[in-house]
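Accompanying notes for the structure given below.
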Amino acid sequence: MNIVDRITSLRNLMKSESVDALIIYGTDPHLSEYVPVNWRSIAWISGFTGSYGRVVITQDQALLWTDSRYFIQAQSQLKNTGFILMKDRQADSIAIAPWLNQELKPGSSVAIDGLTISAGEMNKLKEEIGAKGNHLIISKDLVSEIWQDKPSISQALVVDYPVRFAGQSRSEKLMHIRNKLTENLVKATLVSQLDDLAWCFNLRGNEIQYNPLFTGYGYIDHQNAILFVSEGKIPLTLFETLKSEGVDVISYESIWDMLSLKIPTSVYLDPDHTNSLAYQFFSERTRVVDGIAIPTLLKSVKNDVEIAGMRAAHRRDGIAMANFLCWLNKPGQNAGLTELSVAERLRAFRSTRKYFMDESFSSIVAWGPHGAIVHYSATPETDVKITQDGILLIDSGGQYLDGTTDITRTICIGKVNAKQKSDFTLVLKGMIALAKVKFPAGTKGYSLDILARKNLWENGLNYGHGTGHGVGHYSSVHEGPVGIRPEFNRESIQQGQVITDEPGLYREGEYGIRIENVLLCKNENCSAYGQFLSFETLTLCPIEKRLINRELLNNEELKWLNTYHKKVFKALKPHLKGDVLKWLKKQCAPI
């Protein structure tokens, strides 16, 4: 079936089920950003492949909501499908619930798969839809009923993650979680998010591309630790090791039957990251205490071993980037190159580095106008040649056993004009402002976001995505709970957390600019006004000086840039030689 046929089949099924509107969230029961192939329902029903999207199907309309990272991509992928693009999180946009209330007759039925929406969002959606007399039906996975040849669940094996990389044993992590249970006066917690699960039990998997994770749940109380994973995924030797350390392994499919036999008197759940049916299961049987998931908070603060690993991983990543950028900048090198071939070569350079396991996401190699598509991913159909005179945006990262990297560099190919240099320098000023800030402990990310945007705003410019996200340790490249973006975030930035610094600027049809480094939050000093924090830049890679308008940088910004390049050269010099070392020396020479 093509997409039009799929929509028709879905509408027929909706009619037989007395469903007037169907909402599709396109995630899995663990509310993952990157989901296993068997849960990618939005891509199947619409053709849109971005990591964030929401679909609504009625008998006469099909719509997809996504944010500014994917507007251009969605416009292209939805062409001739019958879908209408709805721009989410914009000043003049309309959200799903108000749109449904506006379009549906009172008393209409709206369905959603309860496994793919959080308890917090479900309650809000139910209230908003009910305000106009409509009804929200939970637990309707209608897409799977018409999904022909739906991929099967992965049977990739789970592997042990050594303490020499993790820094803490499973027993130590379980102890920390149990201490938090005691602090919150609760008996147990359910671990739902896959990166939390991998962290808790020092395990990794290979089910989701670019994410070393596996599908499962964890249940932890003061006496028991249970890992719910599909049978056959835990090798016998690992099974025995887990058992000896007090971790029981039970089949994923039997979780609710098993837990119904041992309901605690209270349970700690994260309503924003627990699917609505799992939350409902507990709330109907026991007292639920809400809060941010305990492992989410614990794992965001990296221990000394993890921090050392992140530094080492970024040094190795910097070596790979130096070799790659030297190769890319050789005279005449770009002849015949395309976005896909550049991405393949970058992966090849990374793959030679110690502990490299995979990329941390699909590399964004975007030439010219494609750079304005924030999360552009080249395909054989969209791939273009790298020609003379323009801007090449490269956003990439690596998964190493001792750390995860994420870096964006905007590269000058041939000649660039004054506007491009001005745009690049304004973005650079914002990146530097955030990198060098000192701030009091307890500061939240939204309070720092203005630093990266100030110079752009003063010139009537802006970007639609967040400025920074947390980064996992050999885990998901996007990690909560902290972030730097305009929206409110109740969690403050803490010492030991790793976060990106990535302002940008995008001119549709022309080019895109983004500069991204990864930062480590550290203690700065303590004064009469309390503890102050600052950032250490982990990323080790030159910034494109040919795109800088020197006149737009003040002395402090220039000092930061020269100091950063001095640090990069000192760190990478012992590991490079020949033409690459000569190239690096030139790139890191002070302005």
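Given the structure is predicted, the values throughout are model-derived calculations rather than measurements.
No donor-acceptor pair closer than 3.5 Å links the side chain of Arg54 to the backbone N or O of Ile96. In terms of modelled atom types and a separation under 3.5 Å, the side chain of Gln193 and the main chain of Leu31 share no donor-acceptor contact. Distance alone, capped at 3.5 Å, places no donor-acceptor pair between the Asn211 side chain and the Ser475 backbone. Between the side chain of Ser32 and the backbone N or O of Asp28, no donor-acceptor pair lies under 3.5 Å. No donor-acceptor pair closer than 3.5 Å links the side chain of Ser254 to the backbone N or O of Ile250.
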I'd like to know whether Tyr70 forms a ring pair (Phe, Tyr, Trp, His ring centres under 6.0 Å) with Tyr52, so could you lay out the CA-CA distance, the side-chain angles of the two residues, the decisive distance to 0.1 Å, and finally the verdict. CA-CA 8 Å; Tyr70 297 112; Tyr52 169 76; 7.8 Å; no
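Applying the salt bridge (Lys or Arg N to Asp or Glu O under 4.0 Å) rule to pairs touching residues 2-15 yields nothing, sequence neighbours excluded. Sequence neighbours left out, the pairs with a member in residues 133-152 that pass ring pair (Phe, Tyr, Trp, His ring centres under 6.0 Å) are Trp44-Trp147.
Side chain to side chain, Tyr463 and Arg514 fail the donor-acceptor criterion of an N or O pair below 3.5 Å. A side-chain donor from one of Asp141 and Ser144 sits under 3.5 Å from a side-chain acceptor of the other. Ser230 and Glu253 are linked by a side-chain donor-acceptor pair at a separation below 3.5 angstrom, with hydrogens and angles left out of the test.
Atom NZ of Lys233 sits about 9.0 Å away from atom CZ of Phe214, to the nearest 0.5 Å. Between Thr296 atom OG1 and Glu479 atom CD the span is 8.0 Å, to the nearest 0.5 Å.
Heavy-atom contacts from other residues, nucleotides or ligands closer than 6.0 Å to NZ of Lys150 number more than 12.
Shown are Tyr219, Phe281, Phe228; of these, the ring-ring contact (aromatic ring centres under 6.0 Å, His included) with Trp256 is made only by Phe281.
Note: Trp367 and Tyr376 fail the aromatic proximity criterion, with ring centroids not under 6.0 Å apart. Proximity of the aromatic rings of Phe361 and His375 is defined here by a centroid distance below 6.0 angstrom, and this criterion is not met. Between Tyr161 and Phe201, the distance separating the two ring centers is not shorter than 6.0 angstrom. His370 has its ring centre no less than 6.0 Å from the ring centre of Tyr511.
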